[in-house]
2 protein chains.
Amino acid sequence: MTINDLPRGFKSGTAAAAFKKAGRDDLGLIVSEFPCVVSGLFTQNRFQAAPVQICREILRNSGPVRAVLANSGQANACTGEQGLENCRATQRMVAERINLVPEEILPLSTGVIGPQLPMDRWRAAVPKLVESLGSRDAEAFTRAFMTTDAFPKFAARGLDLSAGHTRLTVMAKGAGMICPNMATMLCVVLTDAMVEQNSWRSMFKRAADKTFNRVSVDGDTSTNDTILGLANGASVPIKTEADLTLFEESLTEILGSVAYMLVKDGEGAAKVIHITVRGACSDADAALAARSVGHSQLVKTAIYGGDANWGRIVTAIGYSGADFEPAEVCLSLCGIERFVKGRPVDDDQEEILSDLLKARDIHVDISLGSGPGSYVFLASDLGHEYVSLNADYRS
Amino acid sequence: MTINDLPRGFKSGTAAAAFKKAGRDDLGLIVSEFPCVVSGLFTQNRFQAAPVQICREILRNSGPVRAVLANSGQANACTGEQGLENCRATQRMVAERINLVPEEILPLSTGVIGPQLPMDRWRAAVPKLVESLGSRDAEAFTRAFMTTDAFPKFAARGLDLSAGHTRLTVMAKGAGMICPNMATMLCVVLTDAMVEQNSWRSMFKRAADKTFNRVSVDGDTSTNDTILGLANGASVPIKTEADLTLFEESLTEILGSVAYMLVKDGEGAAKVIHITVRGACSDADAALAARSVGHSQLVKTAIYGGDANWGRIVTAIGYSGADFEPAEVCLSLCGIERFVKGRPVDDDQEEILSDLLKARDIHVDISLGSGPGSYVFLASDLGHEYVSLNADYRS
């Protein structure tokens with residue numbers, strides 16, 4: 001088995017519909033031989049794209065799911081009733097050809113916000129899409145829904161549990177809303193494990209919360225962000241405490257590695273900032289502090305410039321809303337103490353730090369000395385490339 | 001009376017202490033002949049600089065206040081117990097020379113976060129500072145506490161009320177934390193009106209909330225932000241409803257004009273974005289939406305680049321946390337409708353918008369169609385100059 005093979009019982013197909021640009025596959029389909037138990041997390045943005053609304057409806061009904069249908073080019077967001085109708089029509093187009101009911105197909109879209117789906121191109125491409133089923137792999141599906149990604153983000157793991165062998169595949173796209181009108185983050189997780197629905201939904205939410213929900217490129221949450229997890233039961237049942245624990249650990253690990261790819265990518269980002277907060281009153285407070293630091297324009301530009309600027313990090317912690325004693329706060333940058341018990345460290349480490357700040361991965365470790373709460377957050381820097389990419393006229 | 005003359009009964013002095021750079025005045029003093037009624041608003045940052053802590057203490061005791069003592073060069077923030085001691089020592093230095101008690105002097109500092117105040121330079125400069133009292137004006141005091149400001153921000157108004165003539169002077173500094181380790185916003189408001197303390201504090205808070213609290217350059221709130229308002233009663237009593245109303249309107253207007261200067265300034269900002277939200281469920285919701293738009297990296301870079309990108313603005317409204325029906329939302333950019341009742345406007349206004357976006361003042365008008373709440377917020381754009389300024393090594 002290679003990284004490219006999907007878990008047992010899943011097959012994929014892709015086609016080139018020329019939704020936005022010709023000459024690339026922009027339509028992808030995953031079909032499971034067996035009905036899947038599904039978990040999904042969706043954008044909290046109040047403007048929910050049509051496919052997001054429909055996915056949420058399907059998940060609420062908790063019926064069996066057999067497929068995922070993804071397109072790039074148009075996000076089908078801010079498209080009103082017609083957008084919903086079009087989305088359902090695409091589900092029907094595929095369902096009738098592969099002998100499913102439309103509600104067994106989860107739709108995903110990414111691309112320009114506003115325009116309606118070009119239905120004629122859908123109608124022309126779906127036959128080719130269905131025909132290709134079984135002849136594509138994980139990378140091909142990932143490439144079909146990429147937009148501005150510099151590289152396809154996918155990973156696979158094989159696990160040997162007491163029950164036997166099972167596989168996980170993760171396919172994602174996104175790097176923050178780094179280009180005009182592009183929707184952000186889509187992720188499809190497949191496994192051939194057999195997991196009871198509530199267990200799957202709980203562990204999936206926990207794993208996604210520790211990983212995909214803890215990255216930011218620019219703080220914007222799009223109209224289309226979606227993470228789906230499908231377990232089709234084609235291999236072994238995950239039932240024992242030990243197996244469930246190991247399985248969840250692997251799921252968290254593989255999602256974490258792909259979430260890291262999201263931050264690392266982006267022509268606009270040169271660095272990945274790893275922000276760890278410990279000693280907060282609660283995990284929620286730790287999150288406030290970590291996110292505040294990771295979203296601060298001043299912190300991100302300083303790191304872009306290789307500036308070991310503890311003052312800005314401390315200031316961001318200060319207005320985060322987290323509760324703490326200023327005189328207890330400690331901060332290390334690239335492993336070097338910069339701020340201890342509320343006072344700056346007066347030393348001669350500027351040159352060493354200057355070198356350490358040239359690395360791609362920058363570690364910011366914060367201790368609030370106030371409790372047991374902790375949180376890890378990944379952010380990117382902010383530099384000229386980001387501005388250039390985002391200040392250009394829309395194409 | 002000119003813009004430079006302080007209200008009746010106030011005089012100012014300045015001196016060059018070389019706190020950071022030689023050759024400029026960096027120490028300023030305002031003294032009132034009569035005790036003042038005082039209102040103050042302070043940063044919510046949990047790391048409160050020593051002068052902020054001491055000002056708050058003075059205000060809590062509600063005793064008479066006679067002076068404001070301001071320095072640039074060092075923020076006296078993250079300086080611990082010694083920082084507080086030094087601040088009190090500077091109050092004493094000045095108090096003993098002008099026959100006041102230290103608690104009658106409100107301290108303000110702006111500059112580098114971390115280093116202690118250079119007390120030897122304070123001791124050398126205070127005699128010259130006191131000697132200069134009465135020979136300086138509003139502009140001189142403003143220049144003494146400027147750091148990275150491109151120009152001194154001050155304004156004055158004369159009002160004819162039923163009770164007689166009264167004056168307001170506003171002196172401010174700041175343009176967001178646009179340079180490494182610089183504290184942000186300081187503002188001193190003086191009036192010779194006689195106003196009862198509770199009235200003064202209520203109206204001052206209302207006026208500051210509608211103006212200074214509604215601007216953002218980069219979303220960061222420093223360790224030192226302070227707005228002080230001193231009313232010394234040297235002219236006329238403001239008592240009637242009509243006079244109080246007119247007086248508050250003028251106060252709000254003059255604070256608004258200086259707040260606008262804060263956003264307009266900053267070598268890193270080319271545009272002032274005026275975001276107006278109407279039709280929210282509440283003013284608080286309107287604020288959420290407006291601030292979300294004004295803090296969005298994607299919106300700010302688009303406007304920097306002259307891109308009429310409604311999608312990013314809509315997305316920022318969507319994740320703001322404000323409650324509304326997506327199908328009711330309307331948006332105009334530079335007065336041109338871009339989004340109506342949840343759907344984009346399909347027209348040919350790109351060229352016109354492209355021209356309109358070259359202006360310095362960009363108007364973003366949002367209607368949520370959900371209630372009576374409204375809010376106005378000023379933000380700046382985000383471009384290469386900002387990145388260059390903030391990514392440089394600390395000097």
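Residue numbers begin at 1 in each chain, while the letters A, B, ... track the order of the sequences. Everything numeric here is computed off the predicted structure, so don't read it as measured data.
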Calculate, to the nearest 0.5 Å, the distance between atoms SG and CD1 belonging to A:Cys330 and A:Ile366 respectively. 11.0 Å
Determine whether a donor-acceptor pair (N or O, by modelled atom type, separation under 3.5 Å) exists between the side chain of B:Asn76 and the backbone of B:Ser109. no
For chain B, find which of A:Gly321, A:Gly342, A:Gly318 contributes the most heavy-atom pairs closer than 4.5 angstrom. A:Gly318
Could you check which of A:Ile303, A:Val329, A:Thr79 has the highest count of heavy-atom pairs closer than 4.5 Å to chain B? A:Thr79
Using 30° and 60° as the class boundaries, would you call the ring planes of A:Phe339 and B:Phe47 parallel, tilted or perpendicular? perpendicular
So for B:Asp323, is it side chain, backbone, both, or neither that comes closer than 4.5 Å to the heavy atoms of chain A? both
Need one label for A:Ala322: side chain, backbone, both or neither, based on atoms under 4.5 Å from any heavy atom in chain B. backbone
Interchain contact, A:Gln116 with chain B, by part (heavy-atom threshold 4.5 Å): side chain
Side chains of A:Gln48 and A:Arg56: is there a donor and an acceptor less than 3.5 Å apart? yes
A:Arg338 and A:Asp346: CA distance, side-chain angles, deciding distance, salt bridge (charged side-chain N to carboxylate O under 4.0 Å, His left out) verdict: CA-CA 8 Å; A:Arg338 293 287 83 204; A:Asp346 192 11; over 6 Å; no
